[in-house]
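Following: one structure in structure tokens, then a few remarks.
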Amino acid sequence: MAIKTDKAIKISQKHLLGIQDLSINDVNLILDEAHTFIKVNQSKNKKIDVLRGKTQINLFFEPSTRTQSSFELAGKRLGADVMSMNISNSAIKKGETLIDTAMTLNAMHPDIIVVRHQDSGACNLLSQKVNCAVLNAGDGRREHPTQALLDALTIINRKKKIEGLKIAICGDILHSRVARSNIYLLNMLGAEVNIIAPTNLMPKEIEKFGVNVFTDMKKGLKDCDIVMMLRLQNERMTSSFLSSNREYYEYYGLTPDKLEFAKSDALIMHPGPMNRGIEIDTILADDINKSVIKEQVELGVAVRMACLKMFCV
Amino acid sequence: MKKQYFINANILDPHNSINEVGGLIISEDGKIEAIGKKVNTNNLPTREKPIDLKGKYIFPGLVDMRVFVGEPGYEYKENFRTLSNAALSGGVTSVVTMPNTDPVIDNVSIVDFLRRRGRDKSKINIFPCASLTKNIEGTNMTEFGLLQGKGIIAFTDGVKTIQNPRLMSRIMNSAKDIGCLIMQHAEDYELAKNGMINSGIIATKLGLSGIPEIAERILIERDLTLLEKVKCRYHISQISSQKSLEVIKYRKEMVKFTSGVSINNLSLNENDIGDFKTFLKLSPPLRREEDRIALVQGLKDNLIDVIVSDHKPEDEESKRLTFSQAATGASGIETLLSLSLELYHNESLKLETIIRALTCNPAKILKINKGNLSIGNDADFCIVDIEKPWIVKKEKLISKSKNTSIEDKRLQGKVTNTFVKGKELFKL
């Protein structure tokens, strides 16, 4: 369980734009709250009324299945009125800017807006223009805070702590907002973080984030408690970053022989959606003794309920 | 026009090596009649009342080598009238305008239009550039000779770079034959692809694609290698990194060329971008503090010749977007001198070095008789209170576009009066 502090009971931020802005106290508040929602989600009556009368708008400029449905379900279980808007690229090309969209929605008095956008910093811009709380559901390659929080909750649920654990994050770090948010959060919670990627998919000066950098997966996995795999984001790759998927699998795909280097009780995580046979061996992905991928999805709803509650009320 | 007399000013004219307390006499036809310490109350006619400028400075009118004006095509961002008013308030009396307009300045007939507009609407001296290639497409050369004959001062693709090395070598050949000045915005497109800010920790943190310094360096290396064979008048528009300076230092001994730097790169670094400030999305991008310090040193060492404003007015709608969608560039002509003076006040540079890079150095590269206070020349100059503190406020800017890179910055030093051809066209 996360460390209890009796210092503050309110979140220090108005918006959830990124892990960078949160204090350790904020993180613990969210994780504690989320923990209580795990049981709610497993019970027969999953509905509670804390957000009754509140309006939640999910504004997705980028396609998403799991994050969007997770946020939608989270809002509904808390009793909020949830509206999901999928704004495809073509709608933006009609000429409406992000700010105009924000102003329009703001005029409808929502209490919370959940945003996903393909551009880094889009949520920051939006948050300056609306009166309600903004939750970042992923912006470009910058941050995906609720993913990092649900990953942390999953780890705590299994390993009972994060401090002192050795955690490897492996794959397309360059294009990954999940990696960035996780690096901030896991560092904050006292884990030792190893970053594994081919140099072409490694962001510049990432070592300054206080992580160990590896291009050799076996070395990077050595004695790790958690192996966090990332999806190869082919849709964000504009030029040749890799020679082929099969070579990538050979060097950076998680296979049983590479997993041998991690601790014997190491857990496998993946934010989804998975490219089976590219970044992860399909049998490993489904191994119920090692993989906690489904649990991540389950706890994702709890974490988002906690975030909605804490930032909305 | 009546004769005008000024006395007791600190006169700084690097071109004529004048750096003394003295006076200035402007003749009836707006020329400089006398200048320096010999102009004082003792040798002025008693019936005249000279203007006492005690404590103030007189500099030659600034020559800004990199200015974007919205005419034709983007008049809503800036036109000649608003540009010249903004320039005058910053002590700038001559500007070199970039050809990135709509249509592009790439043929003789559009130059006629431009010169007419410049003459009718502008109060300052306009020196237009034409593009190196037709429609700035980087494929076919423009008519350097004919365009130069029409009064084009230099050739550049402005915000664009000649990527094709064969074309670049041919451009250099033509430029040499005709004797015209070419200016390159040095950036390799492939290396800079999708990039928005300096490649490094800030880009990684903000989740934005980076522009590595090597994208600039590799192009400078290429051009200077080509220049070894063809000795044409070549100028690198803006340098942004320490590594580029190393190349320049090394090559200076072998080939002749000149280079400039934007006041933004001299005064700001990538950390100023903060929480996605789109006004600081610039090209070349702001780089590390080490780079900024190296650029200041480069001016000291005469490796960089010119400071430019890189004045690029953009309207609100082009900037109120996410960082990746927002337009590149900052408005800066009216704060060019004041921001440069910061480097004097914080003891980074000598006043003379700064004024040289803003007046006679650009004039020399352009081969124009501006940026000096020589006797008989047009009296283009500004009077500056270099100690006067003020704060940059967006709403107080004169330029049509308010995209300043230094909003709310405290500056010291302000132009109080600007004269063009002896006429006072700006007064604080």
Side-chain angles (χ1 to χ4, degrees), chain A residues 15 17-21 61 89 92-93 95-103 115 117-129 136 138-144 173-181 183-184 195 202-211 213 236-241, chain B residues 163 188-216 241 243 269-281 285-291 314-328 394 403 407:
Chain A
H15 309 285
L17 302 177
I19 301 291
Q20 305 177 59
D21 310 321
F61 291 88
N89 272 324
I92 302 166
K93 282 187 183 124
E96 188 166 71
T97 65
L98 178 64
I99 289 181
D100 287 335
T101 310
M103 305 279 233
V115 189
H117 199 283
Q118 61 276 15
D119 289 345
S120 303
C123 304
N124 304 49
L125 180 67
L126 203 124
S127 70
Q128 293 160 13
K129 307 289 170 189
N136 182 359
D139 64 326
R141 49 171 89 167
R142 193 182 74 100
E143 281 236 35
H144 191 353
I173 313 285
L174 179 66
H175 298 101
S176 177
R177 51 195 173 216
V178 176
R180 283 171 178 76
S181 287
I183 290 169
Y184 295 128
I195 297 291
M202 195 76 90
K204 292 281 172 318
E205 302 188 8
I206 188 82
E207 66 283 357
K208 291 191 180 159
F209 283 59
V211 295
V213 177
R236 286 185 211 276
M237 296 197 194
T238 45
S239 55
S240 173
F241 284 90
Chain B
Q163 297 293 315
D188 183 277
Y189 285 176
E190 288 301 325
L191 288 168
K193 203 165 191 173
N194 302 324
M196 291 170 250
I197 63 171
N198 183 41
S199 181
I201 178 130
I202 303 291
T204 297
K205 240 183 208 160
L206 294 178
L208 299 173
S209 307
I211 303 173
E213 60 77 24
I214 202 161
E216 177 175 293
S241 83
K243 291 281 184 191
N269 66 34
E270 57 178 352
N271 296 308
D272 290 303
I273 293 164
D275 190 14
F276 298 96
K277 285 190 204 136
T278 56
F279 286 8
L280 281 94
K281 183 177 178 185
L286 298 174
R287 298 202 189 270
R288 301 167 308 158
E289 177 63 6
E290 294 94 300
D291 292 301
E314 291 293 345
D315 62 319
E316 189 115 336
E317 294 316 314
S318 310
K319 286 288 191 182
R320 267 173 28 130
L321 297 166
T322 62
F323 205 87
S324 72
Q325 294 164 346
T328 303
K394 216 160 74 172
N403 55 319
E407 163 99 73

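Remember, predicted model here, so these are calculated numbers, not experimental data. Lettering follows sequence order; numbering is per chain, from 1.
Between Phe323(B) and Arg142(A), the closest side-chain pair of non-hydrogen atoms is not below 4.5 Å. Between Gln325(B) and Leu125(A) there is no side-chain heavy-atom pair separated by less than 4.5 Å.
Evaluation of the salt bridge (charged side-chain N to carboxylate O under 4.0 Å, His left out) test over residues 119-128 of chain A, restricted to residues two or more places apart or in two chains, returns none.
Once rounded to the nearest 0.5 Å, the distance linking CD1 of Ile201(B) with CD of Glu207(A) reads 7.5 Å. The distance from atom CG of Leu206(B) to atom OG of Ser120(A), rounded to the nearest 0.5 Å, is 8.0 Å. Atom OG1 of Thr204(B) sits about 9.5 Å away from atom CD1 of Ile183(A), to the nearest 0.5 Å. Note that CD of Glu317(B) is 8.0 Å distant from CD1 of Ile99(A), once rounded to the nearest 0.5 Å.
For a residue to count as touching a neighbouring chain, one of its non-hydrogen atoms must lie under 4.5 Å from one of that chain's; by this rule Glu143(A) does not touch chain B. The contact between Ser209(B) and chain A is made by backbone and side chain atoms together, counting heavy-atom distances below 4.5 Å.
Applying the 6.0 Å contact sphere to NZ of Lys319(B) captures more than 12 heavy atoms from other residues, nucleotides or ligands.
Heavy atoms only, all atoms of each residue included: Arg320(B) and Asp100(A) are closest at NH2-OD1, 4.5 Å. Annotation for Ser199(B) and Lys204(A): closest pair OG-CG, 3.2 Å, computed over non-hydrogen atoms.
In terms of heavy-atom pairs under 4.5 Å with chain B, the best-connected choice from Lys129(A), Lys208(A), Gln20(A), Arg180(A) is Arg180(A).
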